[in-house]
Amino acid sequence: MNRLGNATSPYLLQHKDNPVDWWPWGEEAFAEAKRRDVPLLISVGYSSCHWCHVMAHESFEDAAIAAQMNEGFVSIKVDREERPDVDAVYMTATQAMTGQGGWPMTVFATPDGDPFFCGTYFPRAQFGRLLASVATAWRDQRDDVLKQGAAVVEAVGGAQMIGGPRAPISGDLLAAAAQGLAKDQDRTYGGFGGAPKFPPHMNLLFLLRHHERTGSAEALEIVRHACERMARGGIYDQLAGGFARYAVDETWTVPHFEKMLYDNALLLRVYTQLWRLTGDLFARRIADETAAFLLRDLGTVPADLGTAPGGLASALDADTSGVEGLTYAWTPAELVEALGAEDGAWAADLFRVTESGTFEHGKSVLVLARDIDEADPAIVERWQDVRQRLLTARNGRPQPARDDKVVASWNGLAITALAEHGVLTGSAGSRDAAVALAEVLADRHLVDGRLRRVSRDGVAGEPAGVLEDYGCVAEAFLAVHQVTASPRWLTLAGELLDVALARFGSGDGGFYDTADDAEKLLTRPADPTDNATPSGLSSVCAALVSYAALSGSTAHREAADAALATVGPLIGGHPRFAGYAAAVAEAALTGPYEIAVATTDRTAADPLVEAAHWSAPGGTVIVVGEPDRPGVPLLADRPLIGGASTAYVCRGFVCDRPVTTPGDLADRLGQSPMER
């Protein structure tokens with residue numbers, strides 16, 4: 001066993017028995033490289049990464065390659081999900097040097113950490129030659145190597161997005177963003193761009209809010225089309241629910257099979273809100289199944305969420321026993337074996353499983369080839385029966401590994417999504433899970449007023465929280481405050497946001513991704529773009545907007561507006577990389593609405609409460625509770641009218657006349673409650 005045996009990261013633990021003398025990231029590794037006068041070899045990846053596994057098997061488990069690494073380098077293994085700050089710095093360097101990036105990421109650096117040669121996956125033979133060449137260059141051409149490293153460091157430092165142009169949020173800016181997305185959409189298969197194709201969850205959330213504010217039918221149709229094609233495709237697990245990370249084709253048919261917590265959390269919000277706006281039973285089913293996937297496959301049993309270790313796991317692996325898709329793909333013969341001849345043939349037609357196959361080795365990934373949700377009840381019953389029997393058979397196969405570390409920001413995204421799903425669908429399981437998960441983050445990840453990025457087996461890890469952790473967790477605590485009307489969550493969210501403003505703020509309205517007292521890296525990362533997850537800046541903006549509405553703090557709203565202005569040019573010019581920021585901007589431009597429902601019985605199925613959740617546009621803050629509930633500003637000075645439940649609708653800290661009927665509340669919000 002090498003030095004990784006005591007790591008909290010499952011990814012690092014996957015390499016603990018390598019013949020490579022791995023070091024975890026830290027000053028000790030840098031000091032050892034200086035002592036030996038050898039370069040650093042920094043290898044960055046994550047546990048569910050297919051090509052990370054391939055490079056590990058080909059090279060890091062090979063005795064000859066390991067001997068080269070041990071002789072000529074100090075080798076450091078980094079989990080990009082545990083240390084996104086380290087990943088961001090060296091990914092910027094890799095992209096600057098090669099024009100592209102990805103994982104596994106392979107970086108050769110000086111003992112001070114300055115990168116001088118970067119790449120991604122290298123096959124074994126090429127990697128062996130590269131190791132020899134770099135070792136020779138370090139020995140014989142040191143000056144050239146150091147000059148190359150200095151040039152890369154200068155390029156990386158210049159890539160940080162601080163102090164750029166501003167564009168205040170406006171209706172015209174968001175209209176330009178929506179038009180840009182409409183232009184880029186795939187009108188045939190839905191989504192944006194070609195293969196590989198990623199679920200554009202944050203862009204879809206923005207378009208839903210844009211539709212609500214402007215009435216744009218085009219925006220809603222883009223979302224509906226993309227959601228339908230994704231959920232009918234192989235990127236969606238047709239048996240157990242949950243979305244894979246991306247599709248390798250433009251038709252959403254064949255996925256890269258890893259399932260990430262953050263994708264499913266964000267997609268749960270999209271499908272829940274799409275159902276709220278359209279009443280589409282298909283969208284409701286996908287939302288329900290995605291929520292179930294989160295709690296069943298990435299968590300413990302919902303009733304047990306409050307016990308250790310708690311939290312939601314990060315991902316399910318792309319590979320099973322070293323083979324991608326082994327768990328999920330089928331042949332017609334395998335369907336017959338599981339279902340019998342008649343149902344097997346019926347399932348092959350429904351799920352488009354062919355003799356030639358849509359995947360590898362003549363196997364097919366299940367897709368939903370027919371409209372089924374509103375079919376004849378007998379057909380729906382048969383479909384559900386076939387699904388369950390196939391799932392039972394699939395559960396007997398080898399299963400993908402699970403990365404069971406708990407990432408603060410990703411759990412925050414899931415809490416917000418589960419809270420929204422719970423209040424809109426009436427699912428007590430989702431609501432209770434959101435509250436229990438928030439307790440896990442508050443009790444385990446919040447240490448001395450600061451967030452820790454990860455935990456595992458009930459123990460917090462050492463890596464400090466980055467900006468996205470503060471934003472996503474604060475937003476989650478605000479969602480739970482709205483579900484429970486407990487002042488604790490509003491207070492905790494405010495404390496996290498105050499840390500974000502004090503420790504991460506750039507002084508010009510923007511934010512860095514690491515705190516001012518965090519470990520000093522090659523440069524201090526500051527990336528405002530929304531990629532696989534919301535950027536730290538956009539997630540903090542989301543929390544600032546909601547906190548201001550819930551607490552009445554104009555200072556927090558001013559901070560949100562200033563930060564959104566720093567990404568205004570990105571929203572207007574490159575909306576695909578600013579989806580969450582644009583969604584937050586829509587909520588800010590709408591107000592957001594602030595709704596307080598004063599009632600003496602929060603447990604009752606109050607039609608006024610239902611109307612508030614059903615009619616209010618995305619981004620609205622809603623609190624339900626007794627008048628003048630201590631520690632809940634939105635309920636202060638909000639009496640019952642005539643002894644009845646009473647709704648107070650405010651916008652931009654200005655309030656309308658209170659109402660007591662669902663119809664009047666819907667009128668205040670410009671919408672009519674929809675029949676579900």
Report summary line: Between the OG atom in Ser43 and the CZ atom in Arg80, the distance rounded to the nearest 0.5 Å is 13.0 Å

Report task. For Tyr246 and Pro199, indicate whether the former's side chain and the latter's backbone hold a donor-acceptor pair under 3.5 Å. Result -> no

Report task. Begin with the C-alpha distance, continue with both residues' side-chain angles, and end with the deciding distance and a verdict on side-chain contact (heavy atoms from CB on, under 4.5 Å) for Glu420 and Thr416. Result -> CA-CA 6 Å; Glu420 288 185 4; Thr416 301; 4.1 Å; yes

Query - Check: Arg453 side chain, Glu81 main-chain N or O, donor-acceptor pair, under 3.5 Å - result: yes

Report task. Look up atom OG1 in Thr523 and atom OH in Tyr90, then write down how far apart they are to the nearest 0.5 Å. Result -> 11.0 Å

Query raised in the report: Atom CD in Gln179, atom CG in Asp184: separation rounded to 0.5 Å?
Result: 12.0 Å

Query raised in the report: Is there side-chain contact between Val406 and Leu312, with heavy atoms separated by less than 4.5 Å?
Result: no

Query raised in the report: Hey, are Asp297 and Arg402 close enough for a salt bridge, meaning a charged N less than 4.0 Å from a carboxylate O?
Result: no

Query raised in the report: Ring centres of Phe477 and Tyr547 under 6.0 Å apart?
Result: no

**Report entry** Lys/Arg N to Asp/Glu carboxylate O, Arg524 vs Asp516, below 4.0 Å
**Finding:** no

Query raised in the report: So Tyr262 and Trp410, would you call those rings parallel, tilted or perpendicular, with 30° and 60° as cut-offs?
Result: perpendicular

Requested in this report: For Asp469 and Ser409, indicate whether the former's side chain and the latter's backbone hold a donor-acceptor pair under 3.5 Å.
Outcome: yes

Query raised in the report: Given the rule in the side-chain contact (heavy atoms from CB on, under 4.5 Å) test, do Glu218 and Leu207 qualify, once you have shown the distances and angles that lead to the verdict?
Result: CA-CA 9 Å; Glu218 181 181 35; Leu207 289 171; over 6 Å; no

Return a table of donor-acceptor pairs under 3.5 angstrom between the side chains of residues 571-585 and protein atoms on other chains or two or more places apart.
unit_1 : atom_1 : unit_2 : atom_2 : d
Tyr580 : OH     : Arg269 : NH1    : 2.8
Tyr580 : OH     : Glu475 : OE1    : 2.8
Tyr580 : OH     : Glu475 : OE2    : 3.0

Requested in this report: On the 0 to 90° scale, with breaks at 30° and 60°, tag the Phe243-Tyr236 ring pair as parallel, tilted or perpendicular.
Outcome: tilted

**Report entry** Any donor-acceptor N/O pair, Thr620 side chain to Pro617 backbone, under 3.5 Å
**Finding:** yes

Requested in this report: Can you measure from OG (Ser59) to CZ (Phe122) and round to the nearest 0.5 angstrom?
Outcome: 10.5 Å

Query raised in the report: Got more than 12 heavy atoms from elsewhere within 6.0 Å of NZ, Lys520?
Result: yes

Query raised in the report: With under 30° as parallel and over 60° as perpendicular, where do the rings of Phe108 and Phe116 fit, or are they tilted in between?
Result: tilted

Query - Modelled atom types, side-chain donor and acceptor of Asp249 and Thr251, under 3.5 Å - result: yes

Query raised in the report: Do the charged groups of Arg296 and Glu289 touch, with an N to O distance under 4.0 Å?
Result: no

Requested in this report: Check disulfide bond (SG atoms under 2.5 Å apart) between Cys49 and all other residues, then give those that pass, not counting sequence neighbours.
Outcome: Cys52

Query raised in the report: For Trp252, is the NZ or CZ atom of Arg232 found under 6.0 angstrom from the centre of its six-membered ring and inside 45 degrees of the ring axis?
Result: no

**Report entry** Side-chain donor-acceptor contact under 3.5 Å, Asp317 with Ser48
**Finding:** no

Requested in this report: Indicate yes or no for a side-chain donor-acceptor contact from Thr529 to the backbone of Asn531 under 3.5 Å, with no hydrogens or angles considered.
Outcome: no

Requested in this report: Report yes or no: does His556 contribute a side-chain atom to a donor-acceptor pair with the main-chain N or O of Ala548 at less than 3.5 Å?
Outcome: no

Query raised in the report: Do Glu462 and Arg452 touch side chain to side chain, with heavy atoms closer than 4.5 Å?
Result: yes

**Report entry** Distance-only donor-acceptor check, side chains Thr327 and Thr320, under 3.5 Å
**Finding:** yes

Report task. Check whether any side-chain heavy atom of Thr98 lies under 4.5 Å from a side-chain heavy atom of Phe117, and answer yes or no. Result -> no

Query - His445 side-chain N/O to Gly461 backbone N/O, donor-acceptor pair under 3.5 Å - result: no

Report task. Would you confirm whether Ser538, through its side chain, and Ser535, through its main-chain N or O, come within 3.5 Å as a donor-acceptor pair? Result -> yes

Query raised in the report: Is the side chain of Gln482 donor-acceptor paired with the backbone N or O of Leu478 at a distance under 3.5 Å, no angle test?
Result: yes

Query raised in the report: What distance do His201 atom NE2 and Asn264 atom CG have between them, rounded to the nearest 0.5 Å?
Result: 8.5 Å

**Report entry** Test: Asp79 and Lys405 ion pair at under 4.0 Å
**Finding:** yes

Query - Qualifying residue, where the test is side chain to side chain contact (heavy atoms under 4.5 Å, CB included) with Leu418 and the options are Leu413, Val480, Thr272, Leu437 - result: Leu437

Query raised in the report: Is there a donor in the side chain of Asp319 and an acceptor in the side chain of His53, or the other way round, less than 3.5 Å apart?
Result: no

Query raised in the report: Any side-chain heavy atom of Leu537 sitting closer than 4.5 Å to one from Glu468?
Result: no

Query raised in the report: Run the side-chain contact (heavy atoms from CB on, under 4.5 Å) check on Leu441 and Ile415 step by step: do they pass?
Result: CA-CA 10 Å; Leu441 294 184; Ile415 291 166; 3.6 Å; yes

Requested in this report: May I ask you to test the Phe293-Leu316 pair for a side-chain heavy-atom distance under 4.5 Å?
Outcome: yes

Query raised in the report: Does a donor on one side chain sit under 3.5 Å from an acceptor on the other, for Glu324 and His256?
Result: yes

**Report entry** Sub-4.5 Å side-chain heavy-atom contact between Val499 and Leu501
**Finding:** no

Report task. Salt-bridge test for Arg456 and Asp404: reply yes if a basic N is under 4.0 Å from a carboxylate O, no otherwise. Result -> yes

**Report entry** Candidate pair Tyr121 and Trp103, rule ring-ring contact (aromatic ring centres under 6.0 Å, His included), full reasoning
**Finding:** CA-CA 7 Å; Tyr121 163 77; Trp103 300 277; over 10 Å; no

**Report entry** Under-4.0 Å salt bridge between Lys197 and Glu250
**Finding:** no

Report task. Let me see the working for Met230 and Leu267 under side-chain contact (heavy atoms from CB on, under 4.5 Å), right down to the final yes or no. Result -> CA-CA 10 Å; Met230 286 190 299; Leu267 286 165; 4.1 Å; yes

Query raised in the report: Just by distance, do the side chain of Gln95 and the backbone of Gly102 share a donor-acceptor pair under 3.5 Å?
Result: no

Query raised in the report: Taking only residues two or more places apart in sequence, or in another chain, which ones meet Arg83 in a salt bridge (Lys or Arg N to Asp or Glu O under 4.0 Å)?
Result: Asp85, Glu519

Query raised in the report: With a 4.0 Å cut-off, would you call Asp403 and Lys259 a salt bridge?
Result: no

Query raised in the report: Is there a donor in the side chain of Thr8 and an acceptor in the side chain of Glu82, or the other way round, less than 3.5 Å apart?
Result: yes

Requested in this report: Quick one: closest heavy-atom pair of Arg450 and Ala515, and the distance?
Outcome: NH2-CB, 3.5 Å

Query raised in the report: So, is the end of the Arg229 side chain (NZ or CZ) under 6.0 Å from the ring centre of Tyr189 and within 45° of the ring's axis?
Result: no

Query raised in the report: Mind checking whether His15 and Tyr11 have parallel, tilted or perpendicular rings, split at 30° and 60°?
Result: perpendicular

Query raised in the report: With side chains defined as the heavy atoms from C-beta onward, is the minimum distance between Leu467 and Tyr512 less than 4.5 Å?
Result: no

Report summary line: Rounding to 0.5 Å, atoms OG1 (Thr566) and CZ (Phe511) come to a distance of 8.5 Å

Query raised in the report: Less than 4.5 Å apart, any side-chain heavy atom of Asp87 and any of Met105?
Result: yes

**Report entry** Electrostatic pair Arg276-Glu212, nearest N-O below 4.0 angstrom
**Finding:** yes

